[in-house]
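In what follows, every chain begins at residue 1, and chains take the letters A, B, ... in the order their sequences are listed.
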Amino acid sequence: MEYLIGIQMKHDYDKMFKLSEKILLLCVGEAGDTVQFAEYIQKNVQLYKMRNGYELSPAAAANFTRKNLADYLRSRTPYHVNLLLAGYDEADGPGLYYMDYLSALAKAPFAAHGYGAFLTLSILDRYYRPDLTREEAVDLLKKCLEELNKRFILNLPSFTVRLIDKDGIHDMEKLPIGPK
Amino acid sequence: HDSCSFILKVGIRGKDIVVLGVEKKSVAKLQEERTVRKICALDEHVCMAFAGLTADARIVINRARVECQSHRLTVEDPVTVEYITRYIATLKQRYTQSNGRRPFGISALIVGFDYDGTPRLYQTDPSGTYHAWKANAIGRSAKTVREFLEKNYTDEAIASDNDAIKLAIKALLEVVQSGGKNIELAVIRRNQPLKSKEIETLVAEIEKEKEEEAEKKKQKKSS
(Lines give C-alpha, C1' and ligand atoms only; values in the text may rest on other atoms or scores of the structure.)
Protein backbone atom coordinates (compact mmCIF):
# COMPACT_ATOMS: atom_id res chain seq x y z
CA MET A 1 0.00 0.00 0.00
CA GLU A 2 1.48 3.34 -0.98
CA TYR A 3 0.45 6.76 0.11
CA LEU A 4 1.90 10.23 -0.09
CA ILE A 5 2.47 12.48 2.89
CA GLY A 6 2.43 16.23 2.40
CA ILE A 7 2.79 18.31 5.55
CA GLN A 8 2.29 22.04 5.28
CA MET A 9 3.44 24.53 7.96
CA LYS A 10 2.36 28.15 8.23
CA HIS A 11 4.56 30.07 5.81
CA ASP A 12 3.87 33.68 6.79
CA TYR A 13 4.91 33.48 10.45
CA ASP A 14 7.76 35.88 11.24
CA LYS A 15 9.93 34.54 14.04
CA MET A 16 12.52 37.32 13.96
CA PHE A 17 12.44 40.06 16.58
CA LYS A 18 14.26 43.33 16.13
CA LEU A 19 16.06 44.01 19.41
CA SER A 20 17.74 47.17 18.19
CA GLU A 21 18.91 48.85 15.00
CA LYS A 22 21.58 46.22 14.41
CA ILE A 23 20.50 43.17 16.39
CA LEU A 24 18.00 40.49 15.39
CA LEU A 25 16.72 37.67 17.59
CA LEU A 26 15.33 34.54 15.96
CA CYS A 27 13.20 32.67 18.49
CA VAL A 28 11.65 29.21 17.99
CA GLY A 29 10.18 26.64 20.33
CA GLU A 30 7.12 26.31 22.55
CA ALA A 31 4.12 28.25 21.25
CA GLY A 32 3.63 31.36 23.35
CA ASP A 33 6.98 31.05 25.13
CA THR A 34 8.71 32.30 21.97
CA VAL A 35 6.81 35.57 21.69
CA GLN A 36 6.68 36.18 25.46
CA PHE A 37 10.39 35.69 25.97
CA ALA A 38 11.50 37.47 22.82
CA GLU A 39 9.32 40.55 23.43
CA TYR A 40 10.51 40.71 27.05
CA ILE A 41 14.14 40.74 25.88
CA GLN A 42 13.28 43.23 23.16
CA LYS A 43 11.75 45.74 25.60
CA ASN A 44 14.63 45.34 28.04
CA VAL A 45 17.16 46.07 25.31
CA GLN A 46 15.18 49.23 24.44
CA LEU A 47 15.08 50.21 28.13
CA TYR A 48 18.86 49.96 28.27
CA LYS A 49 19.02 52.34 25.30
CA MET A 50 16.73 54.87 27.01
CA ARG A 51 18.59 54.69 30.32
CA ASN A 52 22.11 54.90 28.95
CA GLY A 53 21.78 56.78 25.68
CA TYR A 54 23.42 54.08 23.58
CA GLU A 55 22.48 50.58 22.47
CA LEU A 56 23.62 47.27 23.89
CA SER A 57 26.28 45.53 21.82
CA PRO A 58 25.32 42.15 20.29
CA ALA A 59 27.64 40.31 22.68
CA ALA A 60 26.12 42.08 25.69
CA ALA A 61 22.58 41.45 24.43
CA ALA A 62 23.37 37.76 23.90
CA ASN A 63 24.75 37.38 27.39
CA PHE A 64 21.84 39.29 28.88
CA THR A 65 19.44 36.95 27.07
CA ARG A 66 21.36 33.92 28.25
CA LYS A 67 21.28 35.07 31.88
CA ASN A 68 17.53 35.63 31.69
CA LEU A 69 16.95 32.22 30.14
CA ALA A 70 19.19 30.56 32.73
CA ASP A 71 17.41 32.27 35.62
CA TYR A 72 14.04 31.08 34.37
CA LEU A 73 15.37 27.57 33.69
CA ARG A 74 15.45 26.57 37.33
CA SER A 75 12.20 28.27 38.22
CA ARG A 76 8.69 26.92 38.08
CA THR A 77 8.21 28.57 34.70
CA PRO A 78 11.09 27.83 32.33
CA TYR A 79 10.93 29.09 28.75
CA HIS A 80 11.34 26.34 26.16
CA VAL A 81 12.88 28.40 23.34
CA ASN A 82 15.83 28.02 20.99
CA LEU A 83 17.46 31.22 19.81
CA LEU A 84 19.78 32.63 17.20
CA LEU A 85 20.98 36.14 17.87
CA ALA A 86 22.66 38.06 15.05
CA GLY A 87 24.14 41.50 15.28
CA TYR A 88 26.69 43.96 13.98
CA ASP A 89 29.04 45.69 16.38
CA GLU A 90 30.97 48.84 15.36
CA ALA A 91 34.15 47.53 16.96
CA ASP A 92 33.90 43.75 16.60
CA GLY A 93 32.03 43.46 13.31
CA PRO A 94 29.26 40.93 12.64
CA GLY A 95 28.52 38.19 15.17
CA LEU A 96 26.20 35.18 15.40
CA TYR A 97 25.20 33.62 18.71
CA TYR A 98 23.58 30.21 19.13
CA MET A 99 21.49 29.59 22.27
CA ASP A 100 19.38 26.61 23.15
CA TYR A 101 16.58 26.09 25.67
CA LEU A 102 19.05 24.97 28.35
CA SER A 103 20.65 28.38 28.09
CA ALA A 104 23.87 27.21 26.45
CA LEU A 105 25.43 30.12 24.57
CA ALA A 106 28.02 29.83 21.82
CA LYS A 107 29.37 32.34 19.33
CA ALA A 108 29.49 30.51 16.02
CA PRO A 109 30.34 31.20 12.37
CA PHE A 110 27.11 29.41 11.33
CA ALA A 111 24.25 27.80 13.22
CA ALA A 112 20.87 26.14 12.88
CA HIS A 113 18.02 24.95 15.09
CA GLY A 114 15.34 22.36 14.51
CA TYR A 115 15.14 19.24 12.34
CA GLY A 116 16.43 21.19 9.38
CA ALA A 117 19.71 21.55 11.24
CA PHE A 118 20.45 17.86 10.72
CA LEU A 119 20.59 18.47 7.00
CA THR A 120 22.00 22.00 6.75
CA LEU A 121 24.84 21.86 9.26
CA SER A 122 26.79 19.44 7.09
CA ILE A 123 26.35 21.68 4.05
CA LEU A 124 27.58 24.64 6.10
CA ASP A 125 30.48 22.59 7.44
CA ARG A 126 31.56 21.68 3.96
CA TYR A 127 31.25 25.04 2.20
CA TYR A 128 31.68 27.74 4.89
CA ARG A 129 34.81 29.90 4.80
CA PRO A 130 35.52 32.78 7.20
CA ASP A 131 36.15 35.16 4.31
CA LEU A 132 32.86 34.74 2.47
CA THR A 133 31.58 37.81 0.65
CA ARG A 134 27.94 38.86 0.91
CA GLU A 135 26.98 37.18 -2.39
CA GLU A 136 28.83 33.97 -1.47
CA ALA A 137 27.09 33.88 1.90
CA VAL A 138 23.67 34.26 0.28
CA ASP A 139 24.59 31.50 -2.19
CA LEU A 140 25.58 29.26 0.70
CA LEU A 141 22.21 29.93 2.31
CA LYS A 142 20.51 29.04 -0.96
CA LYS A 143 22.49 25.78 -1.06
CA CYS A 144 21.12 24.90 2.37
CA LEU A 145 17.57 25.64 1.29
CA GLU A 146 17.98 23.51 -1.83
CA GLU A 147 19.14 20.62 0.33
CA LEU A 148 16.10 21.05 2.57
CA ASN A 149 13.83 21.08 -0.41
CA LYS A 150 15.38 17.83 -1.62
CA ARG A 151 15.54 15.79 1.55
CA PHE A 152 13.34 17.35 4.23
CA ILE A 153 9.97 15.76 4.84
CA LEU A 154 8.18 19.04 5.42
CA ASN A 155 7.26 21.27 2.53
CA LEU A 156 8.73 24.73 3.17
CA PRO A 157 7.53 26.95 0.36
CA SER A 158 9.16 30.23 1.38
CA PHE A 159 11.82 31.65 3.65
CA THR A 160 12.16 35.11 5.16
CA VAL A 161 15.75 36.28 4.80
CA ARG A 162 17.26 39.26 6.59
CA LEU A 163 20.77 40.63 6.38
CA ILE A 164 22.63 42.71 8.98
CA ASP A 165 25.58 44.91 8.12
CA LYS A 166 27.10 48.18 9.25
CA ASP A 167 24.04 50.00 7.89
CA GLY A 168 21.54 47.96 9.90
CA ILE A 169 18.95 45.33 9.12
CA HIS A 170 17.86 44.73 5.52
CA ASP A 171 15.02 42.57 4.30
CA MET A 172 16.01 40.40 1.36
CA GLU A 173 13.55 38.98 -1.13
CA LYS A 174 11.63 36.03 0.20
CA LEU A 175 13.45 32.99 -1.19
CA PRO A 176 10.89 30.68 -2.66
CA ILE A 177 12.33 27.26 -3.15
CA GLY A 178 9.73 25.63 -5.32
CA PRO A 179 9.93 22.00 -6.29
CA LYS A 180 12.32 21.53 -9.20
CA HIS B 1 24.04 71.54 47.25
CA ASP B 2 21.97 71.04 44.15
CA SER B 3 21.74 73.74 41.54
CA CYS B 4 18.97 72.42 39.36
CA SER B 5 16.17 74.51 40.82
CA PHE B 6 18.00 77.59 39.62
CA ILE B 7 17.97 76.49 36.02
CA LEU B 8 15.34 77.99 33.76
CA LYS B 9 13.45 75.63 31.51
CA VAL B 10 10.98 76.54 28.77
CA GLY B 11 8.58 74.24 26.93
CA ILE B 12 6.67 75.23 23.80
CA ARG B 13 4.04 73.26 21.93
CA GLY B 14 4.02 74.03 18.23
CA LYS B 15 1.89 72.63 15.44
CA ASP B 16 4.25 69.89 14.29
CA ILE B 17 7.02 70.28 16.80
CA VAL B 18 7.59 70.48 20.54
CA VAL B 19 10.54 72.41 21.91
CA LEU B 20 12.31 72.17 25.26
CA GLY B 21 14.81 74.90 26.02
CA VAL B 22 17.09 74.84 29.04
CA GLU B 23 19.44 77.41 30.47
CA LYS B 24 22.94 76.01 30.55
CA LYS B 25 24.42 76.80 33.89
CA SER B 26 28.14 77.35 33.71
CA VAL B 27 29.92 74.43 35.29
CA ALA B 28 33.05 74.55 37.37
CA LYS B 29 36.22 74.60 35.27
CA LEU B 30 37.31 71.12 36.25
CA GLN B 31 33.83 69.59 35.86
CA GLU B 32 32.99 67.48 32.83
CA GLU B 33 30.09 69.28 31.23
CA ARG B 34 28.45 66.33 29.55
CA THR B 35 27.64 64.57 32.83
CA VAL B 36 25.06 67.25 33.62
CA ARG B 37 22.02 66.08 31.67
CA LYS B 38 18.88 68.14 32.08
CA ILE B 39 16.75 67.03 29.15
CA CYS B 40 16.07 63.31 29.34
CA ALA B 41 14.39 61.04 26.83
CA LEU B 42 11.76 58.81 28.41
CA ASP B 43 11.00 57.03 25.16
CA GLU B 44 11.64 57.76 21.51
CA HIS B 45 8.69 60.12 21.27
CA VAL B 46 8.58 61.63 24.79
CA CYS B 47 11.10 63.59 26.76
CA MET B 48 11.18 65.63 29.93
CA ALA B 49 13.06 68.43 31.61
CA PHE B 50 12.92 68.92 35.37
CA ALA B 51 13.61 71.63 37.92
CA GLY B 52 14.52 70.65 41.47
CA LEU B 53 16.59 67.97 43.13
CA THR B 54 18.53 66.06 40.47
CA ALA B 55 18.75 62.97 42.65
CA ASP B 56 14.97 62.76 43.02
CA ALA B 57 14.57 63.31 39.28
CA ARG B 58 16.83 60.34 38.49
CA ILE B 59 14.47 58.03 40.35
CA VAL B 60 11.34 59.40 38.72
CA ILE B 61 12.90 59.30 35.25
CA ASN B 62 14.01 55.71 35.72
CA ARG B 63 10.52 54.63 36.82
CA ALA B 64 9.00 56.47 33.85
CA ARG B 65 11.40 54.81 31.40
CA VAL B 66 10.54 51.35 32.71
CA GLU B 67 6.84 52.20 32.51
CA CYS B 68 7.20 53.32 28.88
CA GLN B 69 8.68 49.94 27.91
CA SER B 70 6.25 48.03 30.10
CA HIS B 71 3.35 49.77 28.38
CA ARG B 72 4.79 48.84 24.98
CA LEU B 73 5.12 45.23 26.11
CA THR B 74 1.60 44.76 27.45
CA VAL B 75 -0.37 47.00 25.10
CA GLU B 76 1.89 46.92 21.99
CA ASP B 77 1.52 50.68 21.67
CA PRO B 78 3.78 53.55 22.72
CA VAL B 79 2.55 55.59 25.70
CA THR B 80 0.60 58.75 25.14
CA VAL B 81 2.18 61.81 26.72
CA GLU B 82 -0.84 62.16 29.01
CA TYR B 83 -0.51 58.56 30.20
CA ILE B 84 3.12 58.85 31.22
CA THR B 85 2.47 62.25 32.80
CA ARG B 86 -0.38 60.72 34.80
CA TYR B 87 1.90 57.87 35.83
CA ILE B 88 4.60 60.27 37.05
CA ALA B 89 2.01 62.43 38.82
CA THR B 90 0.45 59.41 40.52
CA LEU B 91 3.90 58.31 41.66
CA LYS B 92 4.59 61.75 43.11
CA GLN B 93 1.21 61.87 44.87
CA ARG B 94 1.79 58.51 46.54
CA TYR B 95 4.84 59.95 48.25
CA THR B 96 2.79 62.83 49.66
CA GLN B 97 0.38 60.50 51.42
CA SER B 98 2.55 57.61 52.62
CA ASN B 99 4.21 57.20 55.97
CA GLY B 100 7.86 57.94 56.38
CA ARG B 101 8.47 59.32 52.92
CA ARG B 102 9.03 62.81 51.69
CA PRO B 103 7.71 64.13 48.37
CA PHE B 104 9.89 64.20 45.24
CA GLY B 105 11.41 67.65 45.06
CA ILE B 106 10.97 68.21 41.34
CA SER B 107 8.72 69.92 38.84
CA ALA B 108 8.78 68.44 35.40
CA LEU B 109 7.97 69.60 31.88
CA ILE B 110 6.99 66.60 29.76
CA VAL B 111 6.73 66.99 26.00
CA GLY B 112 6.12 64.65 23.12
CA PHE B 113 3.79 63.40 20.42
CA ASP B 114 0.97 60.91 20.81
CA TYR B 115 0.91 58.20 18.17
CA ASP B 116 -2.01 59.93 16.47
CA GLY B 117 0.33 62.84 15.81
CA THR B 118 -0.91 65.39 18.37
CA PRO B 119 1.84 67.38 20.11
CA ARG B 120 1.55 67.68 23.90
CA LEU B 121 3.17 69.61 26.74
CA TYR B 122 2.43 68.85 30.40
CA GLN B 123 3.75 70.19 33.68
CA THR B 124 3.80 68.28 36.98
CA ASP B 125 4.71 69.51 40.45
CA PRO B 126 5.71 67.80 43.72
CA SER B 127 2.10 67.59 44.91
CA GLY B 128 1.27 65.29 42.03
CA THR B 129 -1.00 67.58 40.03
CA TYR B 130 -0.50 67.93 36.30
CA HIS B 131 -1.84 70.27 33.69
CA ALA B 132 -1.55 70.57 29.92
CA TRP B 133 0.01 73.75 28.60
CA LYS B 134 0.56 75.45 25.28
CA ALA B 135 3.78 76.97 26.57
CA ASN B 136 5.32 77.10 30.03
CA ALA B 137 8.45 77.79 32.01
CA ILE B 138 9.79 76.38 35.28
CA GLY B 139 12.79 77.20 37.41
CA ARG B 140 14.56 80.50 37.84
CA SER B 141 12.49 83.56 36.90
CA ALA B 142 9.77 81.30 35.53
CA LYS B 143 7.15 83.94 36.29
CA THR B 144 8.83 86.57 34.10
CA VAL B 145 9.26 84.14 31.27
CA ARG B 146 5.68 82.90 31.55
CA GLU B 147 4.45 86.51 31.25
CA PHE B 148 6.62 86.94 28.14
CA LEU B 149 5.12 83.78 26.68
CA GLU B 150 1.58 84.90 27.52
CA LYS B 151 2.19 88.06 25.51
CA ASN B 152 4.01 86.45 22.61
CA TYR B 153 2.53 82.98 22.14
CA THR B 154 0.13 83.41 19.22
CA ASP B 155 -0.82 81.17 16.35
CA GLU B 156 1.42 83.19 14.01
CA ALA B 157 4.29 83.00 16.44
CA ILE B 158 4.34 79.21 16.20
CA ALA B 159 3.26 78.96 12.58
CA SER B 160 6.35 77.06 11.49
CA ASP B 161 8.80 74.77 13.27
CA ASN B 162 11.54 77.39 13.18
CA ASP B 163 9.22 80.02 14.61
CA ALA B 164 8.41 77.81 17.57
CA ILE B 165 12.11 77.21 18.20
CA LYS B 166 12.85 80.94 17.93
CA LEU B 167 10.09 81.71 20.41
CA ALA B 168 11.65 79.30 22.89
CA ILE B 169 15.04 80.93 22.45
CA LYS B 170 13.59 84.43 22.78
CA ALA B 171 11.82 83.41 25.97
CA LEU B 172 15.08 82.08 27.39
CA LEU B 173 17.03 85.16 26.31
CA GLU B 174 14.70 87.32 28.43
CA VAL B 175 16.41 86.02 31.50
CA VAL B 176 19.58 84.22 30.44
CA GLN B 177 22.76 86.13 29.75
CA SER B 178 22.85 86.56 26.01
CA GLY B 179 24.69 84.11 23.85
CA GLY B 180 23.92 80.70 22.41
CA LYS B 181 26.51 79.19 24.70
CA ASN B 182 24.13 79.44 27.63
CA ILE B 183 21.16 77.72 26.04
CA GLU B 184 20.53 74.05 25.36
CA LEU B 185 17.66 73.07 23.11
CA ALA B 186 15.93 69.80 22.33
CA VAL B 187 13.18 69.32 19.74
CA ILE B 188 10.87 66.47 18.92
CA ARG B 189 9.20 66.42 15.52
CA ARG B 190 6.32 64.13 14.66
CA ASN B 191 7.60 60.58 14.06
CA GLN B 192 11.18 61.59 14.70
CA PRO B 193 13.27 60.93 17.80
CA LEU B 194 14.58 63.61 20.12
CA LYS B 195 17.25 65.86 18.64
CA SER B 196 19.55 68.40 20.16
CA LYS B 197 19.25 71.55 18.17
CA GLU B 198 22.04 73.68 16.81
CA ILE B 199 21.19 77.12 18.02
CA GLU B 200 24.17 79.26 17.18
CA THR B 201 22.73 80.30 13.82
CA LEU B 202 19.22 80.83 15.22
CA VAL B 203 20.47 82.97 18.11
CA ALA B 204 22.43 85.07 15.63
CA GLU B 205 19.26 85.50 13.57
CA ILE B 206 17.28 86.58 16.63
CA GLU B 207 19.94 89.09 17.66
CA LYS B 208 19.90 90.51 14.13
CA GLU B 209 16.10 90.80 14.17
CA LYS B 210 16.27 92.59 17.54
CA GLU B 211 18.79 95.08 16.15
CA GLU B 212 16.62 95.72 13.11
CA GLU B 213 13.60 96.33 15.39
CA ALA B 214 15.61 98.75 17.48
CA GLU B 215 16.83 100.54 14.34
CA LYS B 216 13.27 100.93 13.04
CA LYS B 217 12.13 102.38 16.37
CA LYS B 218 15.00 104.87 16.36
CA GLN B 219 14.17 106.00 12.83
CA LYS B 220 10.52 106.42 13.74
CA LYS B 221 11.43 108.56 16.75
CA SER B 222 13.83 110.73 14.81
CA SER B 223 11.32 111.32 11.99
| task | Drop me the distance from A:Ile41's CD1 to B:Leu73's CG, to the nearest 0.5 angstrom. | result | 10.5 Å
| request: May I ask you to check whether over 12 heavy atoms, not counting those of A:Tyr101, lie within 6.0 Å of atom OH? | output: no
| request: Return yes when atom NZ of B:Lys15 has more than 12 non-hydrogen atoms of other residues, nucleotides or ligands closer than 6.0 Å, and no otherwise. | output: yes
| request: Measure B:Glu44 against the heavy atoms of chain A and call it side chain, backbone, both or neither at under 4.5 Å. | output: both
| task | Report the distance from atom NZ of A:Lys43 to atom CZ of B:Arg72, rounding to the nearest 0.5 Å. | result | 7.0 Å
| When you look at CZ of B:Arg58, are more than 12 heavy atoms from neighbouring residues, nucleotides or ligands closer to it than 6.0 Å? | no
| said: Here's a test for you: under side-chain contact (heavy atoms from CB on, under 4.5 Å), which of A:Met50, A:Lys49, A:Gln42 qualifies with B:Gln69? | reply: A:Met50
| message | Within the structure provided, determine whether A:Gln46 and B:Asp43 are in side-chain contact (heavy-atom separation under 4.5 Å). | response | no
| message | Under 4.5 Å from any heavy atom of chain A, what part of B:Leu42 do you find: side chain, backbone, both or neither? | response | backbone
| message | Within a 6.0 Å radius of atom CG on B:Asn99, are there more than 12 heavy atoms belonging to other residues, nucleotides or ligands? | response | no
| query | If you count the non-hydrogen atoms of other residues, nucleotides and ligands that lie under 6.0 Å from OH in A:Tyr128, is the total more than 12? | reply | yes
